[in-house]
Amino acid sequence: MCVGLPARIVTMNQGMALVDAGGARREVSAQLLDDLEPGDYVMVHAGIAIAKITEENSDETDRMMEDLF
């Protein structure tokens with residue numbers, strides 16, 4: 001099973017995004033997605049933003065992960 005984590009984009013710079021996932025910040029590749037801006041939410045897997053999601057999707061994923069762990 002592969003798990004992606006929701007994260008909010010803090011900054012963008014030349015195809016890379018600094019994201020915040022529950023207070024943990026890291027840089028990920030954003031080259032697979034178009035039209036990303038700071039404040040957008042993305043699903044991150046293996047250091048790559050793989051999908052743009054809504055804030056509601058992010059909140060739901062956070063709740064599900066809390067229930068699992």
Side-chain angles (χ1 to χ4, degrees):
M1 177 174 84
C2 296
V3 176
L5 298 175
R8 183 181 54 82
I9 296 176
V10 177
T11 61
M12 293 287 301
N13 185 21
Q14 298 180 0
M16 298 297 288
L18 177 65
V19 298
D20 183 307
R25 290 187 174 196
R26 63 185 256 190
E27 194 170 53
V28 301
S29 173
Q31 294 181 354
L32 294 179
L33 305 173
D34 294 326
D35 301 324
L36 293 177
E37 298 179 8
D40 288 342
Y41 285 81
V42 292
M43 187 64 62
V44 176
H45 175 69
I48 301 170
I50 58 172
K52 186 173 178 179
I53 60 174
T54 65
E55 185 174 0
E56 290 79 24
N57 293 136
S58 175
D59 293 341
E60 181 179 354
T61 302
D62 287 342
R63 282 191 301 275
M64 289 174 21
M65 294 300 285
E66 287 174 7
D67 289 345
L68 287 173
F69 301 107

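Index from 1, following the sequence.
- Put simply, NE2 on His45 and CG on Leu5 are 10.0 Å apart, with the number rounded to the nearest 0.5 Å.
- Other members of the cluster containing Leu18 are Val10, with ILVMFWY side chains joined at under 4.5 Å, either directly or via other members.
- Salt-bridge annotation for Arg8 and Asp40: absent, with no side-chain N of the basic residue lying under 4.0 Å from a carboxylate O of the acidic one.
- Considering only residues two or more places apart in sequence or on other chains, Leu33 meets the side chain to side chain contact (heavy atoms under 4.5 Å, CB included) condition with Leu36, Val42, Ala49.
- Among all heavy-atom pairs drawn from Ala7 and Val44, the shortest one is CB-CG2, 4.1 Å.
- Side-chain N or O atoms of Asn13 include none that pairs as donor or acceptor with a backbone N or O of Met16 at under 3.5 Å.
- By the criterion of side-chain heavy atoms lying less than 4.5 angstrom apart, applied directly or through intervening Ile, Leu, Val, Met, Phe, Trp or Tyr residues, Ile53 is grouped together with Leu32 in one hydrophobic cluster.
- Of all heavy-atom pairs between Pro38 and Met12, the closest is CD-CG, 4.3 Å.
- Between Gln14 atom CD and Gln31 atom CD the span is 10.0 Å, to the nearest 0.5 Å.
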